[in-house]
Amino acid sequence: MNWIFTTSGDRSLSSRPLLAATALLMVAASASGCRAVRGRKMIQDANDLYKHGKYQEAVALFSEAEKLVPDLPVLWLNKGYTCRQLVIPGARGDDNRQAADCALAAFAKLKKLRPEDPRGDQLYVQTLFDADDLPALERLFLERSRNQPDDLDAVRGLQEVYYKSGKWPAALQWSRKAAALRPTDAEAQYGVGTFIWQVLSSRGGGAEMVSFDPRPKIDQDVAPVPRKRGATAEPVMRTPPPPPTAANDITGGLRVELADEGIAYLQKALVLRPRYSEAMTYLGLLERQKSFAFFADPAQWQAAVDRSRDWQEKASAARSGGKP
């Protein structure tokens with residue numbers, strides 16, 4: 001085996017590999033710097049296109065910039081924003097799905113590059129709502145809730161997902177859980193009461209129910225009936241038929257039960273915040289929704305209507321600074 005030795009007096013041979021490696025690193029750094037400059041310029045140009053509403057062109061330019069600066073968080077943030085502009089909330093179709101997927105991929109990349117930035121997760125969730133991707137939202141929020149049961153945003157997210165899916169009983173369960181997570185928060189209790197009002201008003205609690213009066217009325221088409229000879233004839237009273245209900249309307253005992261639950265939550269809110277005028281308003285609204293279950297019993301209907309008016313007056317007094 002042959003060995004090559006160099007003396008301390010002659011460093012030319014030993015230093016050549018180091019000089020070559022240094023030169024290569026300088027060239028690579030220079031090339032990398034150029035790529036970064038070009039990538040940032042593309043992002044700037046794409047941002048200008050965004051400002052002028054040219055979203056498709058901007059997305060294409062952001063995609064070109066990915067090849068140059070793939071690890072730059074601002075690239076993915078801005079590309080995600082731009083793709084979201086192409087999403088039409090609730091719309092169906094390949095173009096809408098493609099735009100949503102583009103935004104979701106960009107925000108997912110942002111979350112990976114900068115997990116401490118809350119915008120990545122927030123915008124990802126908002127895009128799923130824009131795309132009306134309820135199954136994906138359900139999976140996401142259920143996983144978050146399993147991993148962290150006191151995650152209030154996940155609980156509220158599930159409430160919204162199930163309500164939009166038409167599964168109001170499941171939505172109500174998560175609404176109750178949100179209130180249980182914040183037992184001393186008046187607004188959390190108020191939230192359950194207003195949610196129940198929303199359910200009742202959209203399922204058999206519309207304007208036709210509000211305007212209906214179940215008390216017997218004089219039948220103008222029937223002649224008064226004399227009771228005794230010479231006595232004044234008494235008019236014939238008729239009980240009007242209630243408005244028709246749909247298959248998914250909440251009626252009877254279930255309507256009363258739900259209204260009472262909502263009332264109980266609103267009363268909890270008032271205990272925590274005695275001058276909570278909004279809670280008083282919804283107490284009146286829920287008493288009115290409850291009254292629709294009593295069309296066959298005008299006395300109970302009237303009692304619920306009277307309680308509704310009382311709460312409306314208390315709410316008005318509280319708003320004006322008077323004694324509720």
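All values below were derived from every heavy atom in this structure, side-chain atoms included, with hydrogens, water molecules and symmetry-related copies excluded. Numbers here are sequence positions counted from 1.
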- Query: Would you find more than 12 non-hydrogen atoms of other residues, nucleotides or ligands less than 6.0 Å from Q98 atom CD?
  - Reply: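 Not buried by this count: 12 neighbours or fewer within 6.0 Å.
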
- Would the number of heavy atoms belonging to other residues, nucleotides or ligands and lying under 6.0 Å from CG of D95 be above 12?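 Check fails, neighbour count at 12 or below.
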
For the pair [X] (side chain) and [Y] (backbone), establish whether a donor and an acceptor sit closer than 3.5 Å, ignoring hydrogens and angles.
| X | Y | result |
| --- | --- | --- |
| T127 | L123 | yes |
| S63 | V59 | yes |
| W168 | I196 | no |
| D249 | T251 | no |
| R255 | L200 | yes |
| S291 | R288 | yes |
| N96 | R92 | no |
| Q289 | W197 | no |

- Message: Measuring centre to centre across the rings, with the benzene-like ring taken for any Trp, is F195 within less than 6.0 Å of Y265?
- Response: no

- Message: Measuring centre to centre across the rings, with the benzene-like ring taken for any Trp, is Y55 within less than 6.0 Å of Y50?
- Response: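 Yes - the distance between ring centres of Y55 and Y50 falls below the 6.0 Å cut-off.
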
- Query: Checking K177 against W174: charged group under 6.0 Å from the ring centre and within 45 degrees of the axis?
  - Reply: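 No, a cation-pi geometry is absent between K177 and W174.
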
- Taking atom types as modelled, find out whether Q148 and D151 have a side-chain donor-acceptor pair closer than 3.5 angstrom.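 Result is no, nothing qualifies.
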
- Item | E187 versus Y276, side-chain donor and acceptor atoms under 3.5 Å | no

- Message: Among T245, V199, V256, exactly one meets side-chain contact (heavy atoms from CB on, under 4.5 Å) together with I250. Which residue is that?
- Response: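 Looking at T245, V199, V256, the match for I250 under the side-chain contact (heavy atoms from CB on, under 4.5 Å) is V199.
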
- Which residue, D48, D45, N47, T82, forms the side-chain contact (heavy atoms from CB on, under 4.5 Å) with L61?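 When D48, D45, N47, T82 are each tested with L61, the side-chain contact (heavy atoms from CB on, under 4.5 Å) holds only for D45.
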
- Would you call the rings of F129 and F141 parallel, tilted or perpendicular, where under 30° means parallel and over 60° means perpendicular?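 The rings of F129 and F141 sit tilted, inter-plane angle from 30° to 60°.
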
- Query: Hey, what do you get for CG (D132) to CD1 (I88), rounding to the nearest 0.5 Å?
  - Reply: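 Separation between the atoms: 13.0 Å.
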
- Message: Nearest 0.5 Å, please: how far is CZ in R35 from NZ in K67?
- Response: 10.5 Å

- Please determine if R139 and D133 form a salt bridge, counting it only when a charged side-chain N lies under 4.0 Å from a carboxylate O.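 D133 and R139: not salt-bridged.
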
